[in-house]
Amino acid sequence: MPELPEVEVVRAGLEPAITGSTVTGVRVFDERSLRRHDAPAEDFIDRLVGSTFGEPRRRGKFLWVPVSTGSTREDEALVIHLGMSGQVLLREPDAPLDRLTRISIDVAHPEHGSLRIDFVDQRIFGSMAIDALVESGDVPGDLVPSQVAHIARDPMDAHFDDARFFEKLARRNTGIKRALLDQTLISGIGNIYADEALWAARIHYDQPTPTLSRPRAKTLLAEVRLVLGKALAEGGTSFDAQYLNVNGESGYFSHSLNAYGQQGLPCPRCGRMIVREQFMNRGSHFCPWCQRVRTGR
DNA sequence: CCGGACTCCTGGTTGC
DNA sequence: TGCAACCAGGAGTCCG
């Protein structure tokens with residue numbers, strides 16, 4: 001379940017390693033990992049081999065690397081989504097392949113030499129694709145892959161508009177966790193950090209958005225940023241320059257979780273038991289005492 | 001607009 | 001010990 005912090009750690013690790021490198025070979029071991037590429041694997045390989053990587057970018061949980069061929073501008077990108085279990089591993093060219101490697105990309109960097117980028121994914125919810133870069137719409141000259149165009153900016157994005165978010169949130173008529181997980185409203189938040197931020201803000205996951213006051217919404221957004229920022233800081237320190245190994249588990253810093261996966265354990269704030277309920281086909285972890293649905297007044 | 005159901009998927013864990 | 005059932009959920013789509 002890589003969320004914004006885990007994806008950002010991957011992006012930050014890839015940046016110095018692959019920016020400016022040229023693709024020398026691509027192997028697709030499982031075409032299911034190209035689900036979001038709208039042409040056969042041969043097309044994916046043809047468009048990648050010989051092209052040069054630009055600086056890796058990210059929006060929410062989507063990661064992409066602009067590619068250019070010869071004299072052409074960067075009008076396409078390699079789009080990466082880690083899904084539930086995806087990993088991007090940087091390896092020496094002759095290192096053994098992980099058993100679950102779905103796609104492997106060989107690159108040559110003018111200074112760092114040869115390198116292998118392995119896309120490892122157990123559950124194959126993740127994917128790689130080559131996609132056209134299009135204007136993001138809100139900031140002139142800002143390009144995003146077409147399949148990312150509908151994804152909202154994430155709360156760590158300098159262009160994230162707090163006021164607009166509050167307005168859109170207030171107009172929604174749904175439960176707050178559903179809204180937090182809606183990537184078209186705010187991106188980068190998944191099940192873990194949604195539960196953590198709601199716990200920190202003392203808000204029940206099914207609190208109707210119209211009943212959430214502006215101050216409480218502001219508190220929630222602040223807690224979202226705190227939770228993401230903290231995970232980012234911890235993830236950043238565990239990064240090994242030699243290998244990018246950002247998997248769910250290793251990136252999750254379970255020692256710092258207050259609600260997610262803590263069912264049956266005491267709430268770190270009030271000592272009452274954290275419970276887990278099914279909601280939206282996933283688990284919701286919360287403190288029934290600290291996080292109660294609030295009615296009008 | 002909203003929510004629910006369904007799809008994709010498999011390794012690790014649990015239960016018998 | 002062996003095997004089957006179960007579980008995790010990000011994102012897209014479709015339907016009522």
Side-chain angles (χ1 to χ4, degrees), chain A residues 1-8 10-11 28-38 41 58-64 79-88 97-103 119-129 131 144-154 167-198 205-212 224 228 231 245-252 254 257 259-264 276-286 293:
Chain A
M1 299 146 272
E3 303 178 28
L4 186 155
E6 292 76 29
V7 179
E8 174 56 24
V10 173
R11 192 209 64 76
V28 177
F29 301 109
D30 196 322
E31 291 209 31
R32 292 175 299 178
S33 291
L34 292 177
R35 183 169 293 120
R36 299 178 75 96
H37 183 77
D38 63 4
R58 182 189 57 73
R59 175 176 286 197
K61 305 170 198 171
F62 279 86
L63 174 65
W64 68 91
V79 185
I80 306 169
H81 196 290
L82 301 178
M84 288 289 299
S85 53
Q87 293 172 271
V88 177
L97 283 168
D98 187 288
R99 191 167 52 88
L100 299 171
T101 304
R102 311 298 185 187
I103 296 169
F119 183 66
V120 179
D121 189 11
Q122 182 213 120
R123 277 171 261 188
I124 321 187
F125 277 12
S127 62
M128 280 188 160
D131 191 17
V144 297
S146 69
Q147 57 186 255
V148 180
H150 67 293
I151 302 292
R153 289 184 183 275
D154 62 64
E167 284 165 22
K168 284 162 83 177
L169 187 65
R171 280 200 296 270
R172 286 293 173 96
N173 190 14
T174 189
I176 184 61
K177 183 172 176 182
R178 207 179 283 278
L180 282 184
L181 294 177
D182 182 347
Q183 306 296 304
T184 69
L185 181 66
I186 182 171
S187 69
I189 305 168
N191 202 40
I192 296 176
Y193 298 120
D195 281 0
E196 289 300 305
L198 287 167
Y205 65 83
D206 213 12
Q207 178 80 39
T209 47
T211 67
L212 198 66
V224 163
L228 295 179
N245 193 346
V246 184
N247 179 10
E249 277 60 58
S250 61
Y252 283 134
S254 52
L257 293 175
Y260 183 85
Q262 307 301 300
Q263 62 271 25
R276 180 183 194 275
E277 286 181 6
Q278 278 294 122
F279 178 70
M280 288 178 73
N281 268 327
R282 43 171 69 72
S284 271
H285 314 74
F286 68 106
V293 177

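By convention in this document, chain letters (A, B, ...) are assigned in the order of the sequence lines, proteins followed by strands, and residues within each chain are numbered from 1.
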> Is A/Asp206 salt-bridged to A/Arg178, going by a charged N under 4.0 Å from an acidic O?
Replying inline: no
> Whole-Å distance between B/dC9 P and A/Arg102 CZ?
Replying inline: 10 Å
> Listed by chain and number, what are the salt bridge (charged side-chain N to carboxylate O under 4.0 Å, His left out) partners of A/Asp121, not counting sequence neighbours?
Replying inline: none
>> I'd like to check the side-chain hydrogen bond (donor to acceptor under 3.5 Å, both in side chains) partners of A/Glu167; sequence neighbours left out, ordered by chain and number.
In response: none
Scan nucleotides 1-5 of chain B against the protein and return all N/O pairs shorter than 3.5 Å with their distances rounded to 0.1 Å.
from, atom 1, to, atom 2, distance (Å)
B/dC2, OP1, A/Asn173, N, 2.5
B/dG3, OP1, A/Thr174, OG1, 3.2
B/dG3, OP2, A/Thr174, OG1, 2.4
B/dG4, OP2, A/Arg178, NH2, 2.9

>> Under the rule for salt bridge (charged side-chain N to carboxylate O under 4.0 Å, His left out), what residues qualify as partners of A/Lys177, not counting sequence neighbours?
In response: A/Asp195
>> Going by the rule side-chain hydrogen bond (donor to acceptor under 3.5 Å, both in side chains), which residues pair with A/Arg35 if we only count those two or more places apart in sequence or in a different chain?
In response: none
> How does protein reach along nucleotides 10-16 of chain C, written 5' to 3' as B (base within reach of a heavy atom under 4.0 Å), S (only sugar-phosphate), or - (no contact)?
Replying inline: BSS----
Extract from the structure each pairing of a protein N or O with an N or O of nucleotides 12-14 of chain B at less than 3.5 Å, listing the distance.
none

Under 3.5 Å, N/O pairs linking protein and nucleotides 3-6 of chain C:
none

>> Taking side-chain hydrogen bond (donor to acceptor under 3.5 Å, both in side chains) as the definition, give me every residue that meets it alongside A/Ser33, ordered by chain and number, with sequence neighbours left out.
In response: none
>> Using the salt bridge (charged side-chain N to carboxylate O under 4.0 Å, His left out) criterion, which residues pair with A/Arg36? Sequence neighbours excluded.
In response: none
> Taking five pairs at each end of the helix from B/dC2-C/dG16 to B/dC16-C/dG2, what angle separates the two helix axes (nearest 10°)?
Replying inline: 50°
>> I'd like to check the salt bridge (charged side-chain N to carboxylate O under 4.0 Å, His left out) partners of A/Arg172; sequence neighbours left out, ordered by chain and number.
In response: A/Asp182
